[in-house]
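See structure below.
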Amino acid sequence: MTKKKHLWKPFDWSLKPKKQKTGALDQDKPETNSFQTALRQIGITDCPICKHEIAVFLTKNSRPFISCSFCSVRIFYNGRESQRRLKRNMQAVEES
């Protein structure tokens with residue numbers, strides 16, 4: 001005799017009841033949430049294209065960049081000279 005293979009139906013997974021975890025692990029966890037910003041803001045400067053005031057952020061590699069929402073320009077400051085000029089024109093933001 002040959003066994004019939006179970007035909008997978010796309011909605012099988014959604015119709016089965018979900019298993020609930022029980023135990024002491026769920027009760028011991030504290031309900032604290034700590035949020036961090038995605039990018040660290042280091043200052044405020046004027047956009048070199050449209051002259052609107054925009055924020056200066058740091059990338060994952062600690063390089064400053066700006067992203068202007070008014071003129072859609074995105075500028076990365078990778079060289080020493082460009083970072084020096086940015087620092088001269090930038091107003092620092094306090095860490096909170």
Side-chain angles (χ1 to χ4, degrees):
M1 294 185 171
T2 60
K3 291 183 179 178
K4 278 188 159 182
K5 286 186 177 179
H6 175 70
L7 295 176
W8 181 78
K9 295 179 185 172
F11 296 106
D12 280 350
W13 60 270
S14 65
L15 299 176
K16 294 180 184 177
K18 293 184 180 180
K19 295 180 183 178
Q20 294 181 355
K21 292 183 181 180
T22 57
L25 294 176
D26 293 337
Q27 296 171 357
D28 293 339
K29 290 183 182 178
E31 293 292 327
T32 58
N33 292 331
S34 61
F35 297 104
Q36 291 182 333
T37 57
L39 297 170
R40 198 174 115 211
Q41 182 178 352
I42 60 169
I44 297 172
T45 188
D46 292 333
C47 176
I49 307 300
C50 66
K51 305 300 182 203
H52 278 92
E53 193 172 80
I54 56 174
V56 180
F57 295 103
L58 284 181
T59 63
K60 286 190 250 181
N61 299 329
S62 298
R63 301 287 186 162
F65 80 98
I66 60 172
S67 182
C68 183
S69 60
F70 298 101
C71 64
S72 301
V73 69
R74 188 172 291 161
I75 300 173
F76 293 86
Y77 296 91
N78 292 324
R80 277 189 232 146
E81 180 64 24
S82 61
Q83 289 179 10
R84 187 183 64 77
R85 288 184 182 191
L86 174 67
K87 194 172 188 176
R88 186 177 60 201
N89 295 332
M90 182 179 68
Q91 299 170 4
V93 174
E94 295 177 8
E95 295 286 327
S96 56

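If you read the sequence from its start, that first residue is 1, and numbering goes on from there. Values reported hereafter were calculated over all heavy atoms of this structure, with side chains retained and with hydrogens, waters and symmetry mates removed.
Interatomic distance, Ile42 CD1 to Ser62 OG, rounded to the nearest 0.5 Å: 9.5 Å. Atoms CZ and NZ, from Phe70 and Lys51 in turn, are 14.5 Å apart once rounded to the nearest 0.5 Å. To the nearest 0.5 angstrom, Ile49 atom CD1 is 9.5 Å from Ile54 atom CD1. In this structure, the separation between CD on Glu81 and CG on Leu86 is 11.5 Å, given to the nearest 0.5 Å. Here the straight-line distance linking atom CD1 of Ile75 with atom OG1 of Thr45 works out to 10.0 Å at 0.5 Å rounding.
Scanning for side-chain contact (heavy atoms from CB on, under 4.5 Å) contacts around Arg80 gives an empty result, with sequence neighbours left out. Applying the side chain to side chain donor-acceptor pair (under 3.5 Å) criterion to Gln91, with sequence neighbours excluded, gives no partner residue.
Of all heavy-atom pairs spanning Pro48 and Tyr77, the tightest one is CG-OH, 4.3 Å. Contact record, Gln41 with Ala55: NE2-CB, 3.4 Å, taken as the closest heavy-atom pair. Here the shortest heavy-atom pairing between Cys47 and Val73 reads SG-CG1, 3.7 Å.
Heavy atoms of other residues, nucleotides or ligands lying less than 6.0 angstrom from CZ of Arg74 number 12 at most.
Taking Ile, Leu, Val, Met, Phe, Trp and Tyr as hydrophobic and joining them when side-chain heavy atoms fall under 4.5 Å apart, one finds Phe76 in a cluster with Leu39, Phe57, Phe65.
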